[in-house]
Each structure stands twice: as C-alpha cells, then as structure tokens.
Protein chains: 2
Amino acid sequence: MIVNVAMLTLTNQIRLVSEPMTNEAPDGTGRGGATSRREQLLSAAAELFARYGFHGVGIDDIGAAVGISGPALYRHFRGKDAMLGEMLTGISERLLHGGRARTVNTPDPITALEALVAWHVEFALTNSALITVHLRDLDSLAEPDRHRVRELQRGYVEVWVETLLQCRPDLSEHTARASAHAVLGLINSTPHSARLDPTRMSELLHRMAMNALLVERREGDEADGA
Amino acid sequence: MIVNVAMLTLTNQIRLVSEPMTNEAPDGTGRGGATSRREQLLSAAAELFARYGFHGVGIDDIGAAVGISGPALYRHFRGKDAMLGEMLTGISERLLHGGRARTVNTPDPITALEALVAWHVEFALTNSALITVHLRDLDSLAEPDRHRVRELQRGYVEVWVETLLQCRPDLSEHTARASAHAVLGLINSTPHSARLDPTRMSELLHRMAMNALLVERREGDEADGA
DNA sequence: CAATATAGTTAATGATCGTTAACGTAGCGA
DNA sequence: TCGCTACGTTAACGATCATTAACTATATTG
C-alpha cells in the first residue's frame, strides 16, 4: 500500500544475492556494536510511522523496508504495538535523561537554559522521524506504555519549567509551562521545515528559541496565582 | 473502538426521544444559518482525527459522535476520504485568504507581520483540532486533494516569507522560510499545550513569536546565496 | 392525497491487516 | 553427527472497516 511493488520484490532478491546474513551480534537483544535487526526495524518503522501514521503502516511495509517480509517481525517484537511502545518510551527516556544531564552542575540559570535548548535542537535535528512519531502517535499506544510515556514527557517539560523559572522569576508557573511548550513546538517544527544546512539551522533555532523565552514582559503576568 | 459502548447506544436513544429532527436548513449543502449535518460531521470528525489519526477513526465513530450511526454519513459525503479532503482544503484556504487579507494595505512591514501573527494565533486557538489534523494527516489524502492542499500551504508560507523579508532585509530567503516554519510551529503547538486562558495565551504566543522573528542577527547570515 | 426527495436504519460484501501456524534452514555446541 | 536455537518463509484465520444494498420514515410539494 505504501512502497512500490518493485522495491518489495527487489529487496528480497538482493538479500538472497548479496547480504552476508547478519553476522553482527549473536543475540537478538541488540547488545552488539553494529546495528541489529531490532534496531534496523525500529529505525525503518519510525520513518514509516512518521510519514503515514501508526495505523497507516502495515506490518508488511515495515518488513519490506529492511528486506524481510511480513511476519518475520514477530521474531524480534511481540507485535506492532510493542514496536511503537519501545520507540516512544525510548525517545522519551533519552530526552528526559539528556535534559537532566545538561542542566545539573551549570554555573547559572541562563547557561542551563542554553544547554537545554542546544540539547533539544540537536536531538530534533538528528531524530526528526522520532520527533514526529512522538507528537503524532502517542494516542495509538496501549495503556501501560502510554502512561509511562506521558510521565516521562511531563518530567521533561518540568525540567524546562524549572530552568525557565530560574531565569525568569517574573513568570508564573502556568506561563512558564506554556512558554516551554511553545518553544518545544518551535524546535519540533524541524521535520516540516524547509531546512538549511544543519549548522545554520541549529544556530537559527537556538537563537529564535532563546529570544522567544527571554522576552521581557510588561506588568501583571503572574496575577492568576494557582 | 474509540468511544465507550454506552455512549454509542445512548445517543441513539436520545435522538429518538428528544431530538427535533434537524429543523434548520432545508438543503443538505449547509447554506442555512444553523449548523447543518455536514458541518456537525466535519467538526466531529476533525476532533476525532486530531486525537486518533485519520486511519484510527472509523466511520461508525464519526456517525456516533453526532448521534447517527455508521453509513448514514454517505448521505452527506462521498466517503471518508472526501471528508478529510474537504477539511484540509477548507482550513488551508481559510488560512491563506485570512493571511493575505491581513497583510494588504498595511502602513508598514512590522504592522503587517503583527497582523499575520495575530491572525495565526487567533486561528490556532480557535481551531486547534483542525490545526492538528492538518499537521498530522496530510499524507492520508488522495492525490488530487493533497496537491491542492500543498499548494495552498506553500502560498501561505510565502505570505509569511514576503512579509518577514520586508521586516528583515538582512535575512536570506532560505533563512526567512525556515524562520517562518519555526514560528508557525511555535504557534501550532497550542493543541499540545497546557493552555492559559485565551487572552493571556494569545498575548504570550504573540509576544514570543514576534521576538523569535525580530531577533537581530550578527554578521554573515545570507552568505549562502541561492 | 399522491409523489418525491431527504435522511436515516440494518445487513451484506469485499478488502485489508495483525497475528498465528506450520514449516525450512543455517550455524553451533555437546 | 545430533539436536537446538535463531531467523526466515508462505498459508491460513479472524477481526475490522469502508462501502454498498435494500429498505423505512418523514416532510415538502404539486
């Protein structure tokens, strides 16, 4: 339904002729250095989910994207839902831990905020498919995973809110949270954007984000209390 | 699959008991003043598509959301695809025409940019479901509609780029386009955001957007030429 | 009042899709 | 060499879902 039929059959042909039959890590858990089948599948699925949405991608499409066909996927994942779950919890954990790591032991709040912005910009530019899926298909997740992802997301936003409040004591917590969401939206727009080269794009997003966050506001912002 | 079963059956009951059987506009094209069935269906579908994605919503879910059941939808639309098509072309046209209308006959470029920001902020706050669908399900569109929507989107971004370039002659066109996308991402983040009350939210987004756009840059931005 | 258009209903159909079953094979350790 | 495991394959199953068919009721109109 998605890729052309030529590619479906061709990849199979190619696999039989030229592929050295996965000589990387012996175990299926992907502990080895080279990219295991699991990682190949997750990466391909992320790309497909980003473009067509979770429900718009079939198991056969995912398999075909890495040169295997259809149900072979069940040798590596418990199912299609499990792939999405692993994908989203993975990205959420990486974001949260990266954000935390970059804000502790900083000399002053502004430096911490700069580090946070730099971290998210770098992540979004490097993993744009994951960013798209994480914005798009969270509600396609089954309950145990969805709750976990939401908690991780909340924690990540909390890192932003705390850092921002230290830079801007004039803001209410509500306003700081809304500002954080807005700037994350700005940075996460990269997948849809006409991109410059990575260096310029990174600089541009960084500067826009900092200036959006550090605007001086006039009187009466935190009047709404709780 | 989406709404609970109780609601599905209950709405049917309620319809039989209390609904005055659509006494608004006589024609099905929705020319009348009150909301016609078509508009009810479009609105409900937008909400559902926004939350679950186009492929995640069934025809029965859409019908149930307005108190009719399943295939009754085909009395108003040629199919599910046609609903999405109408939804996305509609929103894209409204955005483009609104943007154009607000930038002609402005005294100076900065005022035009303010008007553009105000327009998009107002639109995004008022139609957050449509914004989400339009970011999310464009690729679920069949070919004639998709092309049209993309052209309208491109035109809208072009309005932003032209206005921004008048305010910021120091920017290259590439940089202006990337900036426009980024600010649209900032404003479009509203659906995912912990919202303040509309007035404060609107002010916050407006101020953040203007400051993101009107940052003074240091030397050497437009050096990349074409 | 008959006729017709409008807007519903339920049942059936056909395609798609996730998942499982049954089976094959290459590599490897005892 | 004998099995065991990892990793594929294709075929079948069952559910879901968009769409169509067949039918009903209400309201307007000549």
Side-chain angles (χ1 to χ4, degrees), chain A residues 1-3 5 8-9 11-16 19-32 36-41 45 48-49 52-64 66-85 140 142, chain B residues 1-2 5 8-9 11-17 19-32 36-41 45 48-49 52-64 66-85 140 142:
Chain A
M1 187 196 196
I2 286 170
V3 289
V5 184
L8 278 172
T9 54
T11 44
N12 246 343
Q13 298 280 69
I14 290 167
R15 190 185 60 77
L16 292 175
E19 206 173 316
M21 199 52 87
T22 67
N23 56 354
E24 55 250 9
D27 58 335
T29 61
R31 196 194 45 78
S36 68
R37 257 293 136 81
R38 295 191 99 241
E39 292 170 77
Q40 281 185 57
L41 284 166
L48 290 170
F49 291 168
Y52 301 101
F54 179 71
H55 294 292
V57 175
I59 231 73
D60 291 338
D61 301 317
I62 303 172
V66 303
I68 65 180
S69 203
L73 196 144
Y74 287 80
R75 300 288 167 192
H76 305 276
F77 296 94
R78 222 178 42 250
K80 201 183 156 196
D81 299 329
M83 292 193 75
L84 184 65
S140 302
Chain B
M1 189 199 196
I2 287 172
V5 184
L8 276 172
T9 55
T11 46
N12 246 344
Q13 297 280 71
I14 289 168
R15 189 185 61 78
L16 292 174
V17 171
E19 206 173 315
M21 199 51 87
T22 67
N23 55 354
E24 54 249 9
D27 58 335
T29 61
R31 197 195 42 78
S36 69
R37 257 294 135 81
R38 294 191 100 241
E39 293 170 76
Q40 282 184 57
L41 283 166
L48 289 170
F49 291 168
Y52 302 102
F54 178 71
H55 294 291
V57 175
I59 230 73
D60 292 338
D61 301 317
I62 302 172
V66 303
I68 67 180
S69 204
L73 195 143
Y74 287 81
R75 298 290 167 193
H76 306 277
F77 297 94
R78 225 176 42 249
K80 200 183 156 197
D81 300 329
M83 293 194 74
L84 184 66
S140 302

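Note on naming: letters A, B, ... go to the chains in the order of the sequence lines (proteins, then strands), and numbering restarts at 1 for each one. For the numbers below, each heavy atom of this structure counts, side chains included, while hydrogens, waters and symmetry mates do not.
- Counting to the nearest Å, the P atom of D/dC7 and the CD atom of A/Q40 are 12 Å from each other.
- Scanning all heavy atoms of the two residues, the minimum distance from A/H55 to B/Y52 falls at CD2-O, 4.1 Å.
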Output a table of nitrogen or oxygen pairs between the protein and nucleotides 18-20 of chain D separated by less than 3.5 Å.
from, atom 1, to, atom 2, distance (Å)
D/dA18, OP1, B/V57, O, 3.2
D/dA18, OP1, B/K80, NZ, 2.8
D/dA18, OP2, B/I59, N, 2.7
D/dT19, OP2, B/Y74, OH, 2.4
D/dT19, OP2, B/K80, N, 3.0
D/dT19, O5', B/Y74, OH, 2.8

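- A/L73 places its CG atom 14 Å from the C1' atom of D/dT9, with the value rounded to the nearest Å.
- The residue from B/Q40, B/R38, B/E39 that alone fulfils the side-chain hydrogen bond (donor to acceptor under 3.5 Å, both in side chains) condition with B/S36 is B/E39.
- Across all non-hydrogen atoms, the minimal contact from A/G70 to A/D60 is CA-OD1, 3.0 Å.
- Here the closest heavy-atom approach between residue A/K80 and residue A/F54 is recorded as NZ-O, 3.0 Å.
- Legend: residues meeting side chain to side chain contact (heavy atoms under 4.5 Å, CB included) with A/L41, ordered by chain and number and at least two apart, are A/I62, A/V66, A/I68, A/H76, A/F77, A/M83.
- Of all heavy-atom pairs spanning A/G79 and A/Y74, the tightest one is CA-CE2, 3.8 Å.
- In this structure, CZ of B/R37 is placed 9 Å from C1' of C/dA7, rounded to the nearest angstrom.
- The distance between atom CG of A/L41 and atom C1' of D/dC7, rounded to the nearest whole Å, is 12 Å.
- For the pair B/R75 CZ and D/dT26 C1', the interatomic distance rounds to 14 Å; values are reported in whole Å.
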